[in-house]
Structure formats: structure tokens, C-alpha cells
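These numbers come from the heavy atoms of this one structure, side chains and all, not from hydrogens, waters or symmetry mates.
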Amino acid sequence: MESKNPMGRFDLDELFRPAPRGDAPASSHDLGPAPAARADAAATDTLEDIYEPAVKDRRSGAQLEALLLERGVVTAEQMLAAHRLHKQSPGRRLCEILKEQGANERAVQQAIAELARMPFEAIDAKAHGAFDRDAIARLGLDHCRANLVLPLRVEGGRMLVATASPADVFLLDDFRRKTGISAVRHVLAAAGDILAALQTLTDAEARQNTDEIDLEAILANVEEEDVAVEKDDVLERDIDAEAESSPIVRYVNHIIQTALKEGASDIHIEPDEKVLKVRARIDGVLFELMTPPRKMHAALTSRIKIMANLDIAERRLPQDGRIRATVLGRKLDLRVSTVPTPKGEKTVMRILDSRSISVPLEDLGFSPGALATWSHEIEKPHGILLVTGPTGSGKTTTLYSSIRQMDTRRMNISTVEDPIEYNLPGITQIQTHEKIGMTFAVALKALLRQDPDVVMLGEIRDAETATTAVQAALTGHLVLSTLHTNDAPGSITRMINIGIEPFLVGAALNGVLAQRLVRRICTKCAAERPVSAETRDLLVAHGIDAPTLRVGQGCPACRQTGYAGRLGIYEMLVLDDFLRDRVAANPNVVEFRKLCVERGMRTLRQDGLDKVRLGRTTVEEVLAATESAG
């Protein structure tokens, strides 16, 4: 099959070779390792002069290009853009650029494997036995990561070794030499899969190798005179010195590390008259982590303030700051908030881990129907989409995941947030500043002069912001925002009460997604349990008749709660022409909700009970989350 690409042909080696410019370092997310990452540059050059993969002689790059186009892995436009960027980007590989253009990494590698007549492996890093840990230990994690090589398993008497390039023949020789395994079979895999697998080992190693802090030893170093009870005449330099002392630094590090290991989203340091509590919010519920001596409170608070660049001398006013740190090998931000109380300053740290917003939409808990509907709505060119729910219901995660699904290469996407919690590549993000007049409405008006395609507002809070958002939607922009309402139909009434004319709400609003978060049943201790008579009546009323339901019995992995992780339950309202006419008539919220249900809207409780039927959560969780929504 001949390629119709007007740029001419390229060979497979070009996918793994940077544009000419010496030996530029490769990104850790490259689809193929740079020669410099495999061996000494001079030695590599010599080996490449001796060996060239046979596929280069047998297959032209045009065949790969045609195969990718035929399968829809890339479009002709993406291929054209990739060639253009490759010529203008010395030191970067075409394969890496194709990935940035939106090509599926696995699909590209699979096509390369077929043309190279090699087996292809899709690696699930979380699957048991997905790779050979002993062989990786012999090679070393750093070696595997630098060369993108991953021993998988023994099959047919031979060790399967995955690499990201069909030309990695010398890596196999290196593998044989270092491991003593002579029978090897070469398979191709996506670089992202290899890195993800190695990252699981890195995380496990970091957890195991983290120095377990002996709390008794730390407290033994803290004498009465080391940390004095906070008084008005305590000098700033005294608290500063105590905050920088080794025991306090180690204790704060221990608090953060422990919270991260437990999967916490927030850390609370709460002083009382005689005790000091450290609690962490895990899966939406606060658990007590530790109770350090009350006398450590002043130094702990000052240490956290120093880390967040706050004023340690100011203890009468609230303060907000941010800590950027690497914890257990992971880079994350901690948003710090302190407030004065009669018993001392209370400190809360919100853990902002970019992994939490890197979740695809399909992994958030959407039912297939709701996912298809929401995915269709975010592809529309204009209108307003609202995500509604109380604080902590996952609205920001849903919006960020939706934006990450959009084509940032071809669209101008901007956000207005307070505060900016996560940095999104390829997105223009604006922080509001109420004190200097940089409100949501002012920032939105400024963005509308920046030729945007999609605008995300952190929240519609007032009439001015709502009016500007409606005007933006009616003039050809897609606006995503949040509201604090109990259900999806209630958002219509809220917009009208804010001050927007009903006919404008009906014209501008495309849809509303109400959501809550419920805890997932722990898979390690899940078991079937008979349904009580009271619960059965509720389930039968919603069309579910099951003699048993799945519940978590409690185990060390879930802190004996029976739950591990959370998922969303959703109520998706899409406005059709009939509903737009009813909105324009300013309907009563109860009647409008009833009308939406009659026209097919599935309520939060219905969606939650469907997930109960599937064994993903419990009736108690759904009822607690939907009590106000009905």
C-alpha cells in the first residue's frame, strides 16, 4: 500500500533516531531510547556502523506510515505535523513527536513490531507477574530505566525481554552477560508501559527503603526546654531555631510520608488544651495518625510555615502557602492553610498529587451511557457545561480529566481558578486575586480577548461572572464551570436566582453533571453477604432483586474499614429543545426535576445503586452520599 503523505518516506530507524544534533538526551517518556542512553556514545556509533536491523532493508518507512494511517492510529494531518516538527526540533525523535500529536503509543509500537516481524507485548504494570523482578534486580532499576528494557517472564524455555526499539539487539547481549540467562527472546513494547512497570518497583522500593522514624527516639531528643509552650514573649528566633532542629524536621517529614503512604488527601494538625492531634483524610474520612506531645505544637507549626514561606511571627491572622516537595520519590505540592484558634494555630495541608488528575474519564466511575453522553458534550463547540456537587465531591478532577481528553494542539484552552491546584501542560491557567480586583469575571473577560476555544471557570459565584459566562457561550465558546447545588436540575434554578434571565439560561446551557464520591469496596476482603429485609425493599423499589450483596469485611490493607479508594456516582442532565422551553418559563425546581426524570435522567441514587448491584460500593455509602439529593 502506497503512502499518500506528501512529505516523502522515512525509515523505521528514523523513529528511534533524533534529528541531527549530536547526542541530545532523551525524555523519560520517549517511545524509543536514545543511543546515548544505551551505551557509551562512541561505542554505540561503532556498533551502529556494524549492525543495522534487517527491517530497514525489507521495509520502507512508507509501509509503516501507510499502516498507521490505514488503522487510524494517526491522521494525515498528524503525520504531516510530526514531520514538520521533527525537522524543526533537533535532538527529538519522530516517534516521540507522533505520541505528542495524539498517536496511541501502543498502536504505533504494535505496527512497528509487525513490520519488524517481532512479537508485541502490551504490559499491564498492575497485573501480578507482569515482569520478572529477580531479573530486573540483577540488571538494576537505573539500567532498565535508562535503556528502556524490561524482563517479562520465561516462556518456552526462553526469557522474554521487552524493549522499545526493534534495533536493541545489543541490549539483549548486555542482558545475557549481566543476568547469565542465555536463552532470550526479544519482544517489543511501548516505552510508557515499560516505564510504568519500572515505576511500580520504584514506588515499592521507596516505601521499603524509607527510613522508618523511631518516634520514641525523636521524642527522647525533645526536652522541656527545647520547645517552650507558646507565650506572647517568645522570641521569633527561638521558635525559628526549634523549627529547624533535627527532631522537628524529621517529625514533619514523618507526618507527610505517613500520610502519603496511607493515600491521604489532607493532613490536619489540630491543637487542643492538653493534646495535639494529627489526622489524615483518607477516602473522604478523617483518621487519627498520631498524637505528638502538646509542647511540640509551636515548633511543628513554625517548621511547616518555614517550608511554605509563611511568616512564622504572625500567629493572629490566617495564612496560605504552598510547599513543593519530593516525597517517596514522587513530586507533589502541599497547599498549606493556617488559622488562629484560642488553643493555638490549626494547620491543614492539602496534598496535591498530579497522579490524581491523570485518571482517564472512563476510570472515574461513569456508567457507559453517562460516559458516552459526557464525552459527546465536551466535544461540542459552544455552550455551558456545569459540574455540580458539594466541596470534595471530585468536581475539579472531572473537569481536569475532561480537559486532558481535549485536543490541546488544535485548541486554545484556558482556565480561571482560585487557587490553581495543578499545573496542566498546554493550558493557559490564570489565578484570581480578589484583593487587586482580579475576579473570576475580570479574568474571564480578559480571556475572551485571547481567542479561546474552551474556558474553564473554577466556579460561578456571582451575577457578573455568570453573565460573562453566558455571553461567552452564546458567542461560540465552550465554558466549563462548577456550582454548589445538590442535584443537576437545581443548577437551573441557581443560575436564574443568581440573576440570569431564564431564556438565556435555556439558550446557553448544554448540560449539567451532578456528582458525589463514594468509597469503593476493598477487593482484598470483599465477600458476599445476605441482604437485610429493609435493604431488599429499597433495592426492589429501584429494580434490583439480589439475595446477597458484596461488602468489605475489613483487613489491614483497608485499615479494617472494608473500603479502599473512591469512585464517582453521577446524574447527567442534557437539555433538549423541550427542556429548554421549560427552562425559559422559569419552572418550579421540584416540578422540573420530576420532568427531567420522566425524560430519562438517571438520578444520583439510581446510579449509585447500580454500582451497588455491580459490587463496587455499598448501600450505606450511596444513601449517605445522596441523602440531600434524593
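A side-chain contact (heavy atoms from CB on, under 4.5 Å) with Leu352 is found for exactly one of Leu334, Ile420, Leu332, Asp333, namely Asp333.
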Step by step, would you call Thr291 with Val278 a side-chain contact (heavy atoms from CB on, under 4.5 Å)? CA-CA 6 Å; Thr291 54; Val278 178; over 6 Å; no

Yes or no on side-chain contact (heavy atoms from CB on, under 4.5 Å) for Tyr570 and Leu371, after CA distance, side-chain angles and deciding distance? CA-CA 10 Å; Tyr570 301 94; Leu371 176 61; over 6 Å; no

Between Ser481 and Glu459, is the side-chain hydrogen bond (donor to acceptor under 3.5 Å, both in side chains) condition met? List the steps. CA-CA 6 Å; Ser481 189; Glu459 184 183 352; over 6 Å; no

One pair to check against side-chain contact (heavy atoms from CB on, under 4.5 Å): Ile384 and Val470. What are the steps and the verdict? CA-CA 7 Å; Ile384 295 178; Val470 168; 3.9 Å; yes

Steps toward side-chain contact (heavy atoms from CB on, under 4.5 Å) verdict (Ile304, Ile269): CA-CA 11 Å; Ile304 294 171; Ile269 301 177; 3.4 Å; yes

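Listed for the Arg350 side chain is no donor-acceptor partner under 3.5 Å among the backbone atoms of Val336. Looking at Ser401, its side chain does come within 3.5 Å of a backbone N or O of Val359 through a donor-acceptor pair. Under a 3.5 Å cut-off, the side chain of Arg303 and the backbone N or O of Ile248 do not form any donor-acceptor pair. No side-chain donor-acceptor contact under 3.5 Å links Asp272 to the backbone of Lys274. When atom types are taken as modelled, the side chain of Asp283 and the backbone of Gly565 share a donor-acceptor pair closer than 3.5 angstrom. At distances below 3.5 Å, at least one donor-acceptor pair connects side-chain atoms of Gln429 with backbone N or O atoms of Tyr422. Using a distance-only test at 3.5 Å, with no hydrogens or angles considered, no donor-acceptor pair links the side chain of His268 to the main chain of Val348. Under the 3.5 Å distance criterion, the side-chain polar atoms of Gln606 are matched with a main-chain donor or acceptor of Thr603. Using a distance-only test at 3.5 Å, with no hydrogens or angles considered, a donor-acceptor pair links the side chain of Gln319 to the main chain of Asp311. Using a distance-only test at 3.5 Å, with no hydrogens or angles considered, no donor-acceptor pair links the side chain of Lys524 to the main chain of Cys558.
Gln431 CD to Thr415 OG1: the interatomic distance, rounded to the nearest 0.5 Å, is 9.5 Å. The line from CG of Asn510 to CG of Leu573 is 11.0 Å long, rounded to the nearest 0.5 Å. The structure places CG of Leu201 at 4.0 Å from CZ of Phe131, a figure rounded to the nearest 0.5 Å. From Leu141, atom CG reaches atom NE2 of His143 across 11.0 Å, with rounding to the nearest 0.5 Å. Of the inter-residue distances, the one linking Met456 atom CE with Leu399 atom CG reads 5.5 Å to the nearest 0.5 angstrom. Remark: Leu457 CG to Leu480 CG distance equals 9.0 Å, nearest 0.5 Å.
Counting heavy atoms from C-beta on, the side chains of Ser414 and Leu447 come closer than 4.5 Å. Looking only at side-chain heavy atoms (C-beta outward), Arg616 and Ile521 stay at 4.5 Å or farther from each other. Contact annotation: the side chain of Glu273 approaches that of Lys343 to within less than 4.5 Å [non-hydrogen atoms, C-beta and beyond]. Between Arg279 and Leu289, every side-chain heavy-atom pair lies at or beyond the 4.5 Å cut-off. Between Pro271 and Glu345 the shortest side-chain heavy-atom distance does not fall below 4.5 Å. Side chains of Val479 and Leu385 form no contact here, defined as non-hydrogen atoms less than 4.5 Å apart. Counting heavy atoms from C-beta outward, Ile460 and Thr482 have side chains that stay 4.5 Å or more apart. With contacts defined as side-chain heavy-atom distances shorter than 4.5 Å, the pair Leu614/Arg550 does not qualify.
Between Ile569 and Gly608 the shortest heavy-atom distance is CG2-CA, 3.6 Å. For the pair Met438 and Ala443, the tightest heavy-atom approach, listed with the atom from each and the gap, is CE-CB, 3.9 Å. In terms of heavy-atom proximity, Ser402 sits nearest to Leu361 at OG-CD2, 3.8 Å. Here the shortest heavy-atom pairing between Ile136 and Cys144 reads CG2-SG, 4.1 Å. Considering all non-hydrogen atoms of both residues, Ala469 and Leu444 come closest at N-CD2, 3.6 Å. Counting all heavy atoms, side chain and backbone alike, Ala197 lies closest to Leu150 at CB-CD2, 3.8 Å.
Salt-bridge check for Lys346 with Glu270: passed, with a basic side-chain N closer than 4.0 Å to an acidic carboxylate O. Taking a cutoff of 4.0 Å between a charged side-chain nitrogen and a carboxylate oxygen, Lys445 and Glu464 qualify as a salt bridge. Taking 4.0 Å as the cut-off between side-chain N and carboxylate O, Arg519 and Glu621 count as a salt-bridged pair. Ionic pairing of Arg461 and Asp418 is present here: one or more N-O contacts between side-chain nitrogen and carboxylate oxygen are shorter than 4.0 angstrom. Remark: Arg602 does not engage Glu571 in a salt bridge, criterion side-chain N to carboxylate O under 4.0 Å.
More than 12 non-hydrogen atoms from other residues, nucleotides or ligands lie less than 6.0 angstrom from CD of Glu434. Residue-environment remark: CZ (Arg324) stays at or below the threshold of 12 foreign heavy atoms within 6.0 Å.
Remark: the Glu417 side chain and the Thr432 side chain contain no N/O donor-acceptor pair separated by less than 3.5 Å. Side chains of Thr347 and Thr338: no donor on one and acceptor on the other come within 3.5 Å. The closest side-chain donor-acceptor pair between Thr618 and Tyr563 falls under 3.5 angstrom.
A cation-pi geometry, defined here as NZ or CZ lying under 6.0 Å from the six-membered ring centre and within 45° of its normal, holds between Arg559 and Phe287.
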